Undergrad: 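Pasting a structure below so you can have a look.
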Amino acid sequence: MNPAGLIFVLALSTGTLALDNGVMRTPPMGWLAWERFRCDIDCDHDPKNCISEKLFMDMADRLAEDGWRELGYVYVNIDDCWSSMERDANGRLQADPKRFPNGIPHLARYVHDRGLKLGIYGDFGTHTCGGYPGTTLDKIHTDAQTFADWGIDMLKLDGCYSNATEQEKGYPLMSQALNATGRPIGYSCSWPAYQGGLPPKVNYTLLGEICNLWRNYGDIQDSWSSVLNIADWFFDNQDILQPAAGPGRWNDPDMLVVGDFGLSYDQSKTQLALWAIMAAPFFMSNDLRTIDSRSRSLLQNKGIIYINQDPLGIQGRRLIKEKSGVEVFWRQLSGGPSVLVFFCRREDMPYRYQTSLKKLNYAAGTYQVYDVYEEKLLSTIKDSTDFVVSINPSGVVVWYLVPAKQMLTDTMLFGGDRLDIPNRL
Ligand code: GLA
C-alpha cells in the first residue's frame, strides 16, 4: 500500500470526523426561500409564491441575469415543505409531484446550467419543522446519497423532532455520510440552535470539524426588532462565537431580510454591515423578481460584499457599547485593512459621535478612510485625533481603513477589479 493509502486507512480507522469537503472557504452567498416564502404550498391560489420548482427557477433566473451571481450570490436554496408527505417505495425522499413535476435532479441541472448551486433542506428527526418526512438515524445514509445523486450542493439539516442525545449522533453521522458520497456538499447544521447555542451544551470545536455553517440562534423575522435581537445575542456572546468561525466554518445568524417589508433603508444598511462584520452567510430571503432598486443596490454593494468575503475569515467583534446608544464594531481584514461600523440604536435624530482611532484600540499611525456606503474617500486620520461621525437612528456608518504606510491605490481598495470607486483619488 502506498503512503497515501495508508494515511487514508488510518484516518478511517481513527474515525476522523473532519469535514474535508473544501467548500465555503468564505461565507456562502445566495438565496434561501424560508423567511419570505415560508410553507406556502397553495399553488392553486398563489402560483407565483408557492413552494414549487417554478419559484426556484425564477430565482435562479434573477440571480443569473440581474448581476447577483457575479457578485458571489450563487446558492439557490430550497427550505422546508418541498417534499412529498411519503417516501418512495425504496425509502427515498421525493419531491412533491404536483409542485415539482420535473423533480429535483431537473431543478439541479437548471440551476447548474446558470452557473449556480442548489441547496436543499432536511431535518434530523422524525419530521421536519413543517411536518414533512424527517431523517432519522436509519435514514441518514439513504438521504445523503439521494441528495448527492440529485446533484445537490448544500444541505441545511434542521433539528425539529429529535432530542439532544439523538442529535449528538445524527449531526456527525450526516457529516460522514455526506463526505462518503464523494460529492462536495456544504453542510449547514441547525444543531446548536436547538441546544441554546452556548457551551457546555454546544461544542464549537466539534461543529467546526463537521459542519460548514451552523444556526446558533432563533429564526429571523421580517422586522427590525428581530434583526436587533439576533445581533445583540451574537455580539453579547462574541467571546464564545467569534473564535469558532474561520474559512469553511461559519456562525449563521440567519437570513438577510433586506428587500422585504420590515426594515427601513437605514436598518437595511445596518443588517448588512453587522452581518458583514460577523462574517455571516449572506443568504437573502426576498423576492428577487420585485425587489426595489435601493435594496438591490445595498445587497449588491461591492464594499460590503468584499468585507463579508475577506479570505482570512476572522469574524469581527463589538468594541464598545456606549451609554448614548452608540456601538462600535470592528473586523480585521487580510493584508492590513480593517473595518469599523458605527451603529446607533437611538430613535431620535442623527447622533454625532465623537471618538478617535486610539480610543478604538488602533495602533499609532495615520489611516486612509473610505466610507463604504457613501462610496467616498475621506481624509486621512491620525490615531490620536478626535473625529465625529453622524449616525442615523438605527443606522450605521461603515469605514474601511488602510494604514497610510500602505499606499492607497485603486488596486488596494477592495482589490481594484472588485470595486469601481466612483470617487477616485
Ligand atoms: C425552523 C428553521 C427555519 C426554517 C423552518 C422550516 O424553524 O429554523 O429556518 O427552516 O424550521 O420549517
Side-chain angles (χ1 to χ4, degrees), residues 27-42 49-52 55-56 59 75-85 93 95-96 99-100 104 118-136 143 147 152-164 166-167 170-171 174 185-198 201-202 207 211-223 225-227 229-231 233-234 241 250-258 260 262 271 275 278 280-287:
M29 297 174 69
W31 184 90
L32 175 57
W34 182 255
E35 196 293 313
R36 178 63 183 77
F37 294 94
R38 308 283 167 147
C39 195
D40 178 353
I41 54 169
D42 189 359
N49 300 306
C50 67
I51 299 302
S52 70
L55 180 71
F56 297 98
M59 294 308 157
Y75 285 94
V76 181
N77 286 4
I78 304 169
D79 208 275
D80 204 350
C81 309
W82 61 270
S83 82
S84 162
M85 279 297 183
L93 289 169
D96 181 279
R99 292 180 285 116
F100 293 82
I104 305 290
L118 185 65
I120 206 162
Y121 167 100
D123 184 288
F124 177 67
T126 53
H127 298 86
T128 73
C129 300
Y132 289 78
T135 304
T136 42
D143 291 354
F147 297 144
I152 292 291
D153 304 294
M154 169 174 171
L155 169 67
K156 168 175 168 181
L157 191 62
D158 214 338
C160 273
Y161 304 111
S162 56
N163 63 34
E166 290 160 342
Q167 290 176 3
Y171 278 95
M174 178 57 90
I185 298 178
Y187 182 34
S188 167
C189 301
S190 299
W191 184 15
Y194 285 87
Q195 299 305 326
L198 299 173
K201 281 192 171 173
V202 175
L207 279 168
C211 312
N212 294 112
L213 62 153
W214 46 82
R215 284 280 309 282
N216 317 60
Y217 190 61
D219 290 2
I220 200 160
Q221 308 295 340
D222 189 3
S223 74
S225 61
S226 173
V227 169
N229 172 269
I230 290 175
W233 186 85
F234 276 80
L241 304 178
W250 311 104
N251 293 300
D252 181 4
D254 213 0
M255 292 157 271
L256 296 169
V257 292
V258 175
D260 292 319
Q271 193 194 12
W275 264 235
M278 286 190 277
F282 266 16
F283 288 121
M284 308 180 276
S285 192
N286 50 20
D287 191 341

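Just so you know, ligand 1 is whichever comes first in the structure, and atom 1 is the first atom listed for that ligand. Because the structure is a prediction, the values reported are computed rather than measured.
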Undergrad: With under 30° as parallel and over 60° as perpendicular, where do the rings of Y217 and W233 fit, or are they tilted in between?
TA: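 Parallel: the ring planes of Y217 and W233 meet at under 30°.
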Undergrad: Could you check atom 7 (O) of ligand 1 against the protein and tell me its nearest heavy-atom contact, residue, atom and distance included?
TA: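 Answer for atom 7 (O) of ligand 1: D219 OD2, 2.6 Å.
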Undergrad: Pick out which of T136, D158, D80 makes a side chain to side chain contact (heavy atoms under 4.5 Å, CB included) with D123.
TA: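 Looking at T136, D158, D80, the match for D123 under the side chain to side chain contact (heavy atoms under 4.5 Å, CB included) is D158.
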Undergrad: For atom 5 (C) of ligand 1, what's the nearest protein heavy-atom neighbour? Residue, atom name and distance, please.
TA: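 The answer is W34 CE2, 3.6 Å.
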Undergrad: Which of the atoms in ligand 1, numbered in the order shown and given with their element, are less than 4.0 Å from a heavy-atom of G130?
TA: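 Result: 12 (O).
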Undergrad: Which bit of D254 is near ligand 1, meaning a heavy atom under 4.0 Å away: side chain, backbone, both or neither?
TA: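 Neither; nothing of D254 gets under 4.0 Å from ligand 1.
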Undergrad: Mind checking whether K156 has a heavy atom under 4.0 Å from ligand 1?
TA: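 Checking ligand 1 against K156, which is what was asked, there is a heavy-atom contact under 4.0 Å.
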Undergrad: With sequence neighbours excluded, tell me which residues meet side chain to side chain donor-acceptor pair (under 3.5 Å) with N49.
TA: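 Scan of N49 (side chain to side chain donor-acceptor pair (under 3.5 Å), adjacent residues dropped) gives D46, R289.
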Undergrad: Below 4.5 Å, heavy atoms only, C-beta onward: do I78 and I104 meet side chain to side chain?
TA: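 Yes; the side chains approach each other to less than 4.5 Å.
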Undergrad: Relative to atom 11 (O) of ligand 1, which among I220, D158, D123 owns the nearest non-hydrogen atom?
TA: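 It is D158 whose heavy atom sits nearest to atom 11 (O) of ligand 1.
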Undergrad: Indicate yes or no: does an N/O atom of D80 lie under 3.5 Å from an N/O atom of ligand 1?
TA: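 Checking ligand 1 against D80, an N or O pair does fall under 3.5 Å apart.
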Undergrad: With the threshold set at under 4.0 angstrom, would you say D79 reaches ligand 1 through any of its heavy atoms?
TA: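 Right, D79 reaches ligand 1.
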Undergrad: Does the pair Q271 and I220 meet the rule for a side-chain contact (heavy atoms from CB on, under 4.5 Å), with working shown?
TA: CA-CA 11 Å; Q271 193 194 12; I220 200 160; 3.4 Å; yes
Undergrad: Taking the side chain as every heavy atom from C-beta outward, state whether L55 and R36 have any atom pair closer than 4.5 Å.
TA: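 The answer is no, as the side chains (C-beta and beyond) never meet within the 4.5 Å cut-off.
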Undergrad: Could you tell me, atom by atom, which parts of ligand 1 come under 4.0 Å of a heavy atom of R215?
TA: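 Ligand 1 atoms under the 4.0 Å threshold to R215: 8 (O), 9 (O).
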Undergrad: Dump the intermediate steps for side-chain contact (heavy atoms from CB on, under 4.5 Å) on W82 and T128, then the final yes or no.
TA: CA-CA 11 Å; W82 61 270; T128 73; over 6 Å; no
Undergrad: Under a heavy-atom criterion of less than 4.0 Å, does S190 contact ligand 1?
TA: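 Checking ligand 1 against S190, which is what was asked, there is no heavy-atom contact under 4.0 Å.
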Undergrad: Please determine whether any non-hydrogen atom of E35 lies less than 4.0 Å from an atom of ligand 1.
TA: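 Under 4.0 Å: no for E35.
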Undergrad: Check each atom of ligand 1 against the heavy atoms of C129 and keep those under 4.0 Å away; list them by number with element.
TA: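 Checking each atom against C129, I get 1 (C), 11 (O), 12 (O).
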Undergrad: Pick from Y171, F124, Y121, W214: which one makes a side chain to side chain contact (heavy atoms under 4.5 Å, CB included) with S190?
TA: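 Considering Y171, F124, Y121, W214, a side chain to side chain contact (heavy atoms under 4.5 Å, CB included) with S190 is found only for Y171.
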